[in-house]
Every structure is written in C-alpha cells, then in structure tokens.
Trainee: 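Pasting a structure below so you can have a look.
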Amino acid sequence: MAYAYIIPEWFFGLDITLEIIFGLITLLVSIFAFNIYKTSKERSIGLLSLSFLFISLSYLTWAFVNLVIAPTLVDKLRIITLGTVPKAFILAIYTHYGLFILGLVTLAYTTFQVKKIRIYYVLSIISILVVVVSVNKLITSRIVSAFLLFFITYHYFKEWRNKRNKRALWIFGSFFLLTLGSIDFIFSANFYATYVIGHILEFGAYSLILGGLIHLLRKTKIR
Amino acid sequence: MKKRNRLEIIRDILNVIRAKNGKIKPTHILYKSNLSHSMMEEYMTELKEKEFITEKLLAGKKTYAITEKGIEYLHKYQLIADFTQSFGLEEEG
C-alpha cells in the first residue's frame with residue numbers, strides 16, 4: 001500500500017504547529033498585498049495576494065488533515081496511507097496539493113509578468129491535469145511544485161543579481177529554501193527524515209518572508 | 001538617465017495633475033510627464049479606469065483633476081513601490 005508520507009512520532013504535533021504557522025504567515029502576506037492592491041489597483045499585486053491566499057489555504061488544509069486523521073502509529077512512526085483514510089480526507093489531501101500548485105502557478109504567472117489570462121488558464125489546467133492523470137498523484141504534485149518553484153526562484157535570483165539589495169536577497173533566499181523543501185518532500189513517502197527536513201526548510205523560508213514583511217512595515221512607520 | 005518604471009510614471013503624472021489640480025490640459029501633462037502621446041493616452045485611460053483622475057470639459061477642452069484615490073496612491077506610493085520591488089513585480093514603463 002502506498003504511503004502518502006511518514007511522520008516520526010516525536011515530530012507529530014510540531015509539524016501541525018509549523019503548518020499552521022506557514023498558513024498564517026502566507027495569509028498575512030496575502031492580506032498585506034490585498035491592502036496595497038486596494039490602493040494601487042495594480043493587477044500584479046492583486047494576483048500575488050491571490051497566490052498567497054491559495055498557498056495559505058493549502059497549509060491550513062494540510063494541518064487540518066494531519067490533526068483530524070491522527071495517522072496510524074507503527075514503530076514510532078505515524079503513517080498516512082491513502083487506502084486507510086476516509087474518502088473525505090483523501091479529498092482534503094488532494095485539495096492541499098491542488099491549492100499549493102494553484103498558488104504557485106498564480107505566483108509564476110505574476111512574476112513572469114504575462115498579460116494574457118489564457119496563459120494562466122493553460123498553465124493551471126496543465127499543472128493540475130498532470131497530477132490528475134498520474135499514477136502516484138502525491139509524488140507528481142510534489143514534482144510539479146518543485147518545478148514551478150524552480151522557475152520562480154530563478155526569477156528572484158535574476159532580480160537579486162540585477163538589484164543586489166537586501167530585500168531581493170531575502171526573497172530569493174526564501175524561495176530557494178522552498179524549492180529545496182519541495183524537492184525534499186518528493187521523498188517523504190519513503191524517508192521520514194525528509195518530512196522533518198522539509199518542514200525545517202520551509203520554516204526558514206517563511207521566516208525570511210515574514211522578516212522581509214516586518215522590515216518593510218518598519219521602514220514605512222519610520223517615514 | 002535611469003528609465004522609469006510603470007509605478008514611477010503613474011506617480012509623476014499624478015503629481016503633475018495635483019500640482020495644477022482641476023486646470024491641467026493633456027498637452028501640459030504630455031510636456032511635464034516626458035512621455036510619447038500614445039504612451040500618455042494609455043496611462044490616462046488606465047488612471048481614469050482606476051478612478052485616480054477625472055476628466056472634465058472646460059470651455060470645450062479636456063482638463064484633468066486628481067481624485068481622493070489618486071491622492072491616497074501618492075501618499076502610499078513608497079510602500080507600494082517597496083512592496084512591488086521586494087516581490088519582483090516591477091514593470092517597465
């Protein structure tokens with residue numbers, strides 16, 4: 001039977017806390033971006049807000065799934081197996097992955113500064129379709145996420161190379177960590193250590209994003 | 001001279017209109033904002049759609065005035081610009 005992912009017993013609970021923290025940080029970015037969008041009416045800022053909202057909902061769904069399912073405990077490992085959980089929860093797991101991919105597609109579409117909305121629809125449909133038709137949907141969704149994150153990170157790398165400022169480095173660093181985390185999570189069905197490492201990498205990434213946001217707010221207050 | 005990005009151009013146009021609120025003509029904006037005619041038309045349409053400016057006819061001639069939303073944009077411009085730059089969303093003008 002295929003595992004979705006394996007959680008070491010000592011990490012169970014802490015992972016849910018971290019997922020809630022990631023959900024709240026991304027929600028904060030989304031709300032902050034939405035407030036700026038209301039003033040500026042800039043399409044790209046509105047889309048950024050939407051992308052972080054998708055990502056936030058994805059993390060909160062994940063936390064909910066882990067909390068409610070309370071995975072089977074075997075040899076000090078909590079195992080989430082798709083075959084043993086009720087269908088509603090399988091749907092919730094897929095919702096988590098679907099929202100995460102949709103968030104990344106929206107972010108990629110925004111950062112690439114593409115104007116045609118059709119490109120967004122094509123990107124979204126292809127990304128979701130690849131996951132839906134694949135045999136192992138969970139691993140495929142992780143690969144798709146890593147792929148999208150790689151391109152977003154490359155965009156931020158170019159931004160940092162051109163600007164050479166602290167804020168650009170912050171964002172590049174955070175997305176670099178998210179890409180590493182996403183690659184790491186591909187193996188979380190087989191190696192429980194990757195589940196822990198993935199969470200730590202994401203914690204680093206979202207700490208940087210939060211730090212950048214706080215820095216921006218402080219700078220605004222000083223002015 | 002550094003090429004202005006989209007947000008900077010919008011800020012400059014709004015500042016020009018605010019400086020002469022209610023009396024500014026398109027030719028004056030064109031001269032002050034340092035844009036081509038077609039580019040200025042594009043920006044003016046966008047600013048009207050966003051309700052940052054209003055267009056009026058005074059003695060048969062078009063004049064522009066800045067709205068509350070336009071003034072709010074100018075007040076929060078630096079935050080908008082910093083946020084846009086942080087997330088790599090800057091667009092060329």
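Note: hydrogens, waters and symmetry copies are ignored here, and every other heavy atom, side chains too, is used. In what follows, chains carry the letters A, B, and so on, assigned in the order in which the sequence lines appear, proteins first and then strands, with residues in each chain numbered from 1.
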Trainee: If I compare all heavy atoms of Pro8(A) with all of Val196(A), which pair ends up nearest, and what's the gap?
Mentor: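 Looks like CG-CG2, 3.6 Å.
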Trainee: Can you tell which part of Phe112(A) gets under 4.5 Å to a heavy atom of chain B, answering side chain, backbone, both or neither?
Mentor: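 Contact with chain B: none, neither part.
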Trainee: When you compare the side chain of Met44(B) with that of Ile29(B), does any pair of heavy atoms fall below 4.5 Å?
Mentor: yes
Trainee: Can you tell which part of Lys163(A) gets under 4.5 Å to a heavy atom of chain B, answering side chain, backbone, both or neither?
Mentor: side chain
Trainee: At a 4.5 Å cut-off on heavy atoms, which part of Leu213(A) comes close to chain B: side chain, backbone, both, or neither?
Mentor: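 Contact with chain B involves the side chain of Leu213(A) alone.
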Trainee: With only heavy atoms counted, which part of Tyr77(B) is less than 4.5 Å from chain A, the side chain, the backbone, both or neither?
Mentor: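 For Tyr77(B), neither part sits under 4.5 Å from chain A.
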Trainee: For chain A, which of Ile80(B), Ile10(B), Thr84(B) has the most heavy-atom pairs under 4.5 Å?
Mentor: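 Most heavy-atom pairs under 4.5 Å with chain A: Ile80(B).
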Trainee: Which word best sums up how the rings of Phe22(A) and Phe203(A) line up, parallel for under 30°, tilted for 30 to 60°, or perpendicular for over 60°?
Mentor: tilted
Trainee: Non-hydrogen atoms of chain B under 4.5 Å away: do they reach the side chain of Asn162(A), the backbone, both or neither?
Mentor: neither
Trainee: Counting only heavy atoms closer than 4.5 Å, note whether Lys50(B) contacts chain A via side chain, backbone, both or neither.
Mentor: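 Interface part for Lys50(B): both.
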Trainee: Taking Ser58(A) for the side chain and Phe54(A) for the main chain, is one N or O donor matched with an acceptor at less than 3.5 Å?
Mentor: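 Not a single qualifying donor-acceptor pair exists.
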Trainee: Select one option (side chain, backbone, both, neither) describing which atoms of Gln85(B) are under 4.5 Å from chain A's heavy atoms.
Mentor: both
Trainee: Is the number of heavy atoms from other residues, nucleotides or ligands under 6.0 Å of Phe147(A) CZ greater than 12?
Mentor: no
Trainee: Quick one: does Glu41(B)'s side chain have a donor or acceptor within less than 3.5 Å of a partner on Ser36(B)'s backbone?
Mentor: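 The answer is no, because no donor-acceptor pair under 3.5 Å joins these two groups.
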